[in-house]
Amino acid sequence: MMLLELHRYPADSLVVFDFETTGLSPDMGDRAIEIGAVLIENGRITDRFQQLMNPGIRIPLFIENLTGITNAMAKESRSNAQVMADFYEFIAGRNLVAHNASFDERFLRAEFKRIKKTFSGGIACSLLASRRIFHDAPNHQLATLASYKNLPTEGIYHRALADAEVTAHLWLRLLDELRAQQGFTQLSFGFMHQLTKTPKHQLRKLYAQQR
DNA sequence: TGCCAGGCCCTCTTTAGGGCCTT
C-alpha cells in the first residue's frame, strides 16, 4: 500500500485487534471464534470491542485448552457474520495494528470476504516493529515483550481483548522508544507501516529521511 | 495432541533451509 493511501486515515486514531481462531489457516478451513480490539486515540485507549462468535464448526480440543473458549461458549454466541459486520463498523475509516499481523490479516480478510466486505486501510505489525526497535528482547512473543517492557497486563493471554490490550500498550511503547532512540518528534502510522516493510539493513536510510 | 500455513529473517544464501511468530 502506498504511503499516501495510509494518510487518508487519521494518524492519531487506530485500532489494535486480535483474533482467537480454530487453527492457523483460513485457507485450510479454520475460522475466527473471538475478536478483541481497542481503539487508540491520541496515545490513549478510548474504546474496546470484544465478541465471541459461533463459527458453525467444531473447536478443536487443543484450542479449547489454549484459549478457554469452549464449543458450548461458541454455540451460545452470535454468528461470525453478525459479529464481523459489527467489527467492520468499529474499524471503519481507521488503520489497524496486530501482533504478527500477517496472521490476523488473513483471518480478517477471510471473514470479511464471507460477508462481502473488504478492508481498505493499512495494517501494521507490532512484531515486525519490535524486531526493528527492541534489539535486546529475549524473543518477540507478545507475552515475553510484555514482561520485558513491564507492560500493563492482567496475566491473561490467548483471549482476544486481553491480547489486543497488551499489543496496544506494546505499540505505544514502540513509538515512545523509537522517538527516544532516533530523536523523532512525530511518528505517523504511515511511517510505522513503512518501518515494518523496510529491511533491517536499510533502516538507517529510512531514519535519515524521517529527520 | 498440534503435525497443518504463510511471511519474515538470518545464514553455512540467492539454484535453500530452517527458526520465529500467530491459533
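A note on names: the letters A, B, ... follow the listed sequences, proteins ahead of strands, and every chain is numbered from 1. These numbers come from the heavy atoms of this one structure, side chains and all, not from hydrogens, waters or symmetry mates. Here the structure is a predicted model, which is why all the values come from computation and not from measurement.
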Any N/O pairs under 3.5 Å between the protein and nucleotides 16-19 of chain B? List them or say none.
none

**OP:** Establish, with yes or no, whether the OP1 or OP2 oxygen of dG7(B) is under 4.0 angstrom from a side-chain nitrogen or oxygen of R106(A).
**Re:** no
**OP:** For F19(A), answer base if it contacts any base atom (sugar-phosphate contacts may also be present), sugar-phosphate if it contacts only those atoms, and nothing otherwise; contact means non-hydrogen atoms under 4.0 Å.
**Re:** sugar-phosphate
Original post:
Between dG7(B) and K197(A), is there an OP1 or OP2 to side-chain N/O distance shorter than 4.0 Å?
Top reply: no
**OP:** Indicate, with a heavy-atom threshold strictly under 4.0 Å, whether R159(A) touches base, sugar-phosphate, or nothing.
**Re:** nothing
**OP:** Please state how far atom CG in N100(A) lies from atom P in dC21(B), giving the value in whole angstrom units.
**Re:** 9 Å
Original post:
Which whole-number value in Å describes the distance from D104(A) CG to dA5(B) C1'?
Top reply: 14 Å
Original post:
Distance only, no hydrogens: is a donor on one side chain within 3.5 Å (strictly under) of an acceptor on the other, for T67(A) and E20(A)?
Top reply: no
Name each donor-acceptor pair under 3.5 Å that joins a side chain in residues 202-211 of chain A to protein atoms two or more places apart or in another chain, with its distance.
from, atom 1, to, atom 2, distance (Å)
Q210(A), NE2, Q186(A), O, 3.1
R211(A), NE, Q182(A), O, 3.2
R211(A), NH2, Q182(A), O, 3.4
R211(A), NH2, Q182(A), OE1, 2.5

**OP:** Can you sort out the partners of F134(A) under ring pair (Phe, Tyr, Trp, His ring centres under 6.0 Å), two or more places apart, ordered by chain and number?
**Re:** none
**OP:** Write down the atom of A32(A), the atom of E111(A), and the distance for their closest heavy-atom approach.
**Re:** N-OE2, 3.1 Å
Original post:
Under 4.0 Å between a side-chain N/O of H99(A) and OP1 or OP2 of dC21(B), yes or no?
Top reply: no
**OP:** Counting heavy atoms from C-beta on, name the nucleotide in dT23(B), dA5(B), dC9(B) closest to the side chain of D18(A).
**Re:** dT23(B)
